[in-house]
Number of protein chains: 2
Amino acid sequence: MRSPDELVALFRENGRKVTPQRECIFHLLHNNRTHPTAESIHAEVVKRMPSVSLKTVYQTLHELEDMGEISGLDLGTGSVRFDPNQSVHHHLVCTNCHTVGDIYLEIDSLQLASKVLQGFEVGNAEVTFRGLCSDCKRLGNLI
Amino acid sequence: MRSPDELVALFRENGRKVTPQRECIFHLLHNNRTHPTAESIHAEVVKRMPSVSLKTVYQTLHELEDMGEISGLDLGTGSVRFDPNQSVHHHLVCTNCHTVGDIYLEIDSLQLASKVLQGFEVGNAEVTFRGLCSDCKRLGNLI
DNA sequence: CAGTTAGATAACAATTCCTGTAAGTTAAGC
DNA sequence: GCTTAACTTACAGGAATTGTTATCTAACTG
């Protein structure tokens with residue numbers, strides 16, 4: 001995702017309006033590696049601007065998603081997570097605490113032989129690793 | 001997933017009761033490669049037994065899941081899909097029509113170097129390919 | 001720099017997918 | 001055939017998200 005300042009300019013170029021609510025969301029997403037949900041972003045926004053509705057947060061997140069600035073990830077944790085990290089990477093999902101980590105992989109086998117694809121045109125490939133994060137693993141050993 | 005007859009026996013062994021509703025669901029799942037949702041299974045069940053509730057379908061599907069006979073898949077298509085195919089495979093999800101196909105892959109690179117995992121203990125790795133299925137691709141070309 | 005207006009916001013209701021509850025019904029073992 | 005745990009149904013409820021609408025405001029316009 002671009003910097004908040006660049007997003008402001010980009011929004012104006014696209015005929016979208018720049019509101020304080022949106023700027024707040026831009027800042028909260030910038031360099032954010034926590035894979036936040038709309039709900040968690042909203043919780044942070046509300047600390048600064050108490051009247052902002054969840055709907056506004058969803059709308060802004062979806063606009064950023066449509067513009068390719070962030071990705072919505074459905075990792076089976078109940079709600080969609082938003083990721084401003086647009087470099088190619090994959091995810092580690094803790095089956096216990098549901099935190100999401102990033103992992104950078106070169107997966108040669110993902111260059112698939114066309115025969116196995118049977119006409120399917122691949123846009124992208126996501127790899128999701130499920131297991132225990134280091135914290136939950138450690139706690140698990142203690143119990 | 002095992003055959004309907006085997007499931008009947010297995011349910012009884014496990015102290016679960018075998019009802020006509022459940023047997024109907026067993027048959028609908030057997031050799032089913034369509035990755036049905038609870039809703040779509042229910043639609044089929046109702047054709048044969050009009051009074052069956054969606055709740056009953058969910059309950060039976062979850063029991064089969066708990067027994068390891070089917071897998072629940074959250075592929076970001078809105079609802080959970082159930083897959084009786086228990087061999088190791090991955091999925092092709094059409095971003096247009098949301099149908100789900102199977103793909104069999106050997107992914108050597110998924111034997112990850114422990115350094116990139118930073119203490120994360122991997123249980124399993126799922127690969128989801130998103131793109132256009134052959135039907136949607138063809139239609140896309142025509143439009 | 002006030003007026004205009006497309007677009008954004010907030011409050012609220014609705015939707016979708018799924019789960020909890022409670023009361024009636026049935027399969028399996030005796 | 002009786003008992004009882006388990007199943008089924010109807011219905012309510014819940015979480016995540018989206019639709020609606022009236023109000024408001026950013027940014028353009030003169």
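In what follows, chains are A, B, ... by sequence order, proteins preceding strands, each numbered from 1. Fair warning: this is a prediction, and the values are worked out from it, not measured in the lab.
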Checklist entry - In whole angstrom, what separates A:Glu63's CD from C:dT9's P? => result 8 Å

Checklist entry - What nucleic acid atoms does A:Ser53 come within less than 4.0 Å of, heavy atoms only: base, sugar-phosphate, or nothing? => result base

Checklist entry - Are B:Asp83 and B:His89 close enough that a side-chain donor and a side-chain acceptor fall under 3.5 Å? => result yes

Checklist entry - For C:dT9, does either OP1 or OP2 sit under 4.0 Å from a side-chain N or O belonging to A:Arg22? => result yes

Item to check | Modelled atom types, side-chain donor and acceptor of B:Glu39 and B:Ser79, under 3.5 Å | outcome: no

Checklist outcome for this item: Testing D:dT17, D:dA26, C:dA28 for proximity to the side chain of A:Pro20, the answer is D:dA26

Checklist entry - So what does B:His62 hit on the nucleic acid, given a heavy-atom distance under 4.0 Å: a base, only sugar-phosphate, or nothing? => result sugar-phosphate

Next on the checklist: Distance check needed: C:dG29 P versus B:Glu13 CD, whole Å only.
Outcome noted: 11 Å

Next on the checklist: We want to know whether A:Glu63 and A:Thr60 form a side-chain donor-acceptor pair, criterion being a heavy-atom distance below 3.5 angstrom.
Outcome noted: no

Next on the checklist: So, OP1 or OP2 of D:dT9: does either fall under 4.0 Å of a side-chain N or O from B:Ser51?
Outcome noted: yes

Item to check | A:Gln59 CD - D:dT18 C1' separation (whole Å) | outcome: 10 Å

Checklist entry - What's the CG-P distance between A:Leu73 and D:dA16, to the nearest Å? => result 17 Å

Checklist entry - If each of B:Ser79 and B:Thr19 is mapped to the nucleotide of DNA chain C with the nearest heavy atom, which maps nearer the 5' terminus, i.e. the 5' end? => result B:Ser79

Next on the checklist: Rounding to an integer number of Å, can you tell me how far A:Leu54 CG sits from D:dA15 P?
Outcome noted: 13 Å

Next on the checklist: If only side-chain N and O atoms count, and only distance matters, is there a donor-acceptor pair under 3.5 Å linking B:Ser134 with B:Arg138?
Outcome noted: no

Item to check | Nearest-angstrom distance from the residue atom CG of B:Asp74 to P of D:dT17 | outcome: 11 Å

Item to check | Protein-nucleotide distance (B:Gln21, atom CD; C:dA27, atom P), rounded to Å | outcome: 8 Å

Checklist entry - Base, sugar-phosphate alone, or nothing: which one does B:Thr56 contact when heavy atoms must sit under 4.0 Å apart? => result base

Checklist entry - Any side-chain N or O of A:Arg16 less than 4.0 Å from the OP1 or OP2 oxygen of D:dA26? => result no

Checklist entry - Checking all strands, does A:Thr37 fall into the base, sugar-phosphate, or nothing category for heavy-atom contacts under 4.0 angstrom? => result nothing

Checklist outcome for this item: To the nearest angstrom, the CD1-P distance between A:Ile25 and C:dA8 comes to 12 Å

Next on the checklist: Angle between ring planes, B:His62 versus B:Tyr58, binned at 30° and 60°: parallel, tilted or perpendicular?
Outcome noted: parallel

Checklist entry - On DNA chain C, nearest-nucleotide positions of A:Lys55 versus B:Arg12: which is more 5'? => result A:Lys55

